[in-house]
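Every number for a ligand or one of its atoms is a count from 1 in the order of the listing.
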Amino acid sequence: MKVIIADSINEKGISDLKEVAEVTVATSITPEELVEVIKEYDAIVVRSRTKVTREVIEAGSKLKVIARAGVGVDNVDVQAATEKGIMVINAPESTSITVAEHSMGLMMSLARKISIADKSVKSGQWEKSKFMGIELNNKTLGIVGMGRIGSQVVIRAKAFNMEILVYDPYISKEAGAEMGVSVVDLETLLKESDVITIHVPLTPETRHLISTREMEIMKNTAFIINCARGGIVDEDALYYALKNDIIGGAALDVFESEPPQESPLLELDNLLATPHIGASTAEAQRDAALIVANEIITVFQG
Ligand code: NAD
């Protein structure tokens, strides 16, 4: 069996694969070169850089597995793979804790204005009174989507003594009660939360789930955090709401267009931005590589 690793992944994942297959690491391969060589391989491993297009899949006459060492398969033409009976695998559970921790980090940074205070001190200022914050203790956290990541946020927010509301049409009130959260409708969550954090996939149903009307319902001190996908929060509506103090602040790890070069949001002090690094920890990347390596090995061993 031959495996091509087209994007850099954790070394342990590579060494595990080497025990059962001939492995080629080609992390700077171009799209044209990939189309040329893919016919020799039984499996390909990618992260985000390499696009496994229909052209690549059709040229992969021996291809049995396409593995994405991460969450989601946005860079794989799943339709083309399915037509050829090629298995597409990923590791959605590998990054849940990492993304939940990033969300908590953004929440604390918003509550205590850490990122703008940092900018201020480094510019030679000492503006103590400008950075009065709030405690998270006893505040209400609204979690939109309580799947793998949302559930990890629940565990961490409880340690901060926050009251937790969840909006997730696929979670029953009973299942919520078992986790110690109240499952409510979106309107209640928007109205009552001090911080709202989004953990749903981007679908036609969730595109602009949080827009002008929703921000108007929120408390004018509330924070909104999006570590899920750009487009779930309507960025034009968010800009208006932040600029006009309709809500208190926001933190975005993901944007409608990445990078968000021309976005006026980036000029606002009450907007905290990170460059889609929600899943970027050594542990999450290691786990993603180990999980997909293990799945490829299972497929090869029948
Ligand atoms: P998951 O599938 O485990 O959970 C998603 C939850 O959303 C489910 O409980 C589902 O019932 C709920 N849901 C679906 N549609 C909904 C709707 N219309 N309204 C309310 N709830 C709805 O997914 P996950 O692993 O927790 O990931 C959540 C999101 O985080 C995904 O969009 C994923 O792409 C994103 N993510 C981002 C990063 C990053 O780098 N920032 C990394 C990993 C994952």
Chemist: In terms of residue, atom name and distance, what is the protein heavy atom nearest to atom 4 (O) of ligand 1?
Modeler: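 Of every protein heavy atom, Gly147 CA, 3.2 Å lies nearest to atom 4 (O) of ligand 1.
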Chemist: What is the distance from atom CD1 of Ile149 to atom OG of Ser151, rounded to the nearest 0.5 Å?
Modeler: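 Ile149 atom CD1 to Ser151 atom OG measures 9.5 Å (nearest 0.5 Å).
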Chemist: Does Cys227 come within less than 4.0 Å of ligand 1, judged by its heavy atoms?
Modeler: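 Heavy atoms of Cys227 do come under 4.0 Å of ligand 1.
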Chemist: Counting only nitrogen or oxygen atoms and a 3.5 angstrom limit, does Thr206 reach ligand 1?
Modeler: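 The answer is no, given that Thr206 and ligand 1 share no N or O pair closer than 3.5 Å.
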Chemist: Below the 3.5 angstrom mark, is there an N/O of Leu209, backbone or side chain, next to an N/O of ligand 1?
Modeler: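 No, since none of the N or O atoms of Leu209 sits under 3.5 Å from an N or O of ligand 1.
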Chemist: With a cut-off of 4.0 Å, which atoms of ligand 1 are near a heavy atom of Gly145?
Modeler: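 Listed by number with element, the hits are 7 (O), 21 (N).
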Chemist: Among all protein heavy atoms in this structure, tell me which lies nearest to atom 35 (C) of ligand 1, with the distance rounded to 0.1 Å.
Modeler: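 Among all protein heavy atoms, the one nearest atom 35 (C) of ligand 1 is Ala228 O, 3.5 Å.
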Chemist: Output the distance between atom OH (Tyr239) and atom CD (Glu267), rounded to the nearest 0.5 Å.
Modeler: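 The CD atom of Glu267 is 5.5 Å from OH of Tyr239, to the nearest 0.5 Å.
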Chemist: For atom 40 (O) of ligand 1, which protein heavy atom lies nearest, and how many Å away is it?
Modeler: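 Looking only at protein heavy atoms, the one closest to atom 40 (O) of ligand 1 is His276 CD2, 3.1 Å.
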Chemist: Could you tell me, atom by atom, which parts of ligand 1 come under 4.0 Å of a heavy atom of Glu205?
Modeler: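 In order of number, 18 (N).
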Chemist: What protein heavy atom is closest to atom 25 (O) of ligand 1, reported as residue, atom name and distance in Å?
Modeler: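 Going atom by atom, the protein heavy atom closest to atom 25 (O) of ligand 1 ends up being Arg148 NE, 3.0 Å.
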Chemist: By salt bridge (Lys or Arg N to Asp or Glu O under 4.0 Å), which residues pair with Arg213, not counting sequence neighbours?
Modeler: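 Partners of Arg213 by the salt bridge (Lys or Arg N to Asp or Glu O under 4.0 Å) criterion, ordered by chain and then number, come out as Glu187.
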Chemist: Taking heavy atoms and a distance under 4.0 Å, where does His102 meet ligand 1: side chain, backbone, both or neither?
Modeler: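 Neither part.
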Chemist: Select one of side chain, backbone, both or neither to describe which atoms of Val200 lie under 4.0 Å from any atom of ligand 1, heavy atoms only.
Modeler: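 It is both backbone and side chain that touch ligand 1.
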Chemist: In the protein, which heavy atom is nearest to atom 26 (O) of ligand 1, and how far is it?
Modeler: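 Among all protein heavy atoms, the one nearest atom 26 (O) of ligand 1 is Ile149 N, 2.8 Å.
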Chemist: Output the list of atoms in ligand 1 that are nearer than 4.0 Å to some heavy atom of Val99, sorted by atom number.
Modeler: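 Result: 38 (C), 42 (C), 43 (C).
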Chemist: Taking only heavy atoms of Ala279, which atoms of ligand 1 are found under 4.0 Å from at least one of them?
Modeler: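 Close to Ala279: 40 (O), 42 (C).
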Chemist: Nearest 0.5 Å please: distance from the CG atom of Leu265 over to the NZ atom of Lys243.
Modeler: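 It is 11.0 Å, given to the nearest 0.5 Å.
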Chemist: To check your reading of the model: name the closest protein heavy atom to atom 12 (C) of ligand 1, its residue, and the distance in Å.
Modeler: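 It is Asp168 OD2, 3.2 Å.
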Chemist: Grab the two heavy atoms, one from Ser28 and one from Glu33, that are nearest each other, plus how far apart they are.
Modeler: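 Where Ser28 meets Glu33 most closely, the heavy atoms are O-OE1, 4.3 Å.
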Chemist: Under 3.5 Å between some N or O of ligand 1 and some N or O of Ser96?
Modeler: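 Ser96 vs ligand 1: no N/O contact under 3.5 Å.
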Chemist: Which residue supplies the protein heavy atom nearest to atom 15 (N) of ligand 1, what is that atom called, and how far is it?
Modeler: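 For atom 15 (N) of ligand 1, the nearest protein heavy atom is Tyr170 CE1, 3.6 Å.
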Chemist: Judged by non-hydrogen atoms, does Pro169 sit under 4.0 Å from ligand 1?
Modeler: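 A heavy atom of Pro169 does come that close to ligand 1.
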Chemist: If you count heavy atoms of other groups shown closer than 6.0 angstrom to CD of Glu127, is the number above 12?
Modeler: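 Yes, enclosed.
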Chemist: Which Ile, Leu, Val, Met, Phe, Trp or Tyr residues join Leu290 in one cluster when any pair of side-chain heavy atoms under 4.5 Å counts as a link?
Modeler: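 ILVMFWY cluster around Leu290 holds nothing else.
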Chemist: Could you check atom 28 (C) of ligand 1 against the protein and tell me its nearest heavy-atom contact, residue, atom and distance included?
Modeler: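 That would be His199 O, 3.4 Å.
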Chemist: Between Asp42 and Lys64, is the closest basic N to carboxylate O distance under 4.0 Å?
Modeler: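 Here Lys64 pairs with Asp42 in a salt bridge, since their nearest N and O are under 4.0 Å apart.
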Chemist: May I ask you to check whether Thr95 has an N/O atom sitting below 3.5 Å from an N/O atom of ligand 1?
Modeler: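 No; the residue has no nitrogen or oxygen that sits under 3.5 Å from a nitrogen or oxygen of the ligand.
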Chemist: How long is the straight-line distance from CG of Asn75 back to CZ of Arg49, given to the nearest 0.5 Å?
Modeler: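 It is 10.5 Å, given to the nearest 0.5 Å.
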Chemist: Can the positive tip of Lys113 be found less than 6.0 Å from the middle of the six-membered ring of Phe131, inside 45° of the ring normal?
Modeler: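 No.
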Chemist: Tell me if the CZ atom of Arg112 is crowded by more than 12 foreign heavy atoms within 6.0 Å.
Modeler: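 Counting other residues, nucleotides and ligands, CZ of Arg112 stays at 12 neighbours or fewer.
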Chemist: Is the CD atom of Glu55 crowded by more than 12 outside heavy atoms at less than 6.0 Å?
Modeler: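 No - once you tally the heavy atoms of other residues, nucleotides and ligands closer than 6.0 Å, there are 12 at most.
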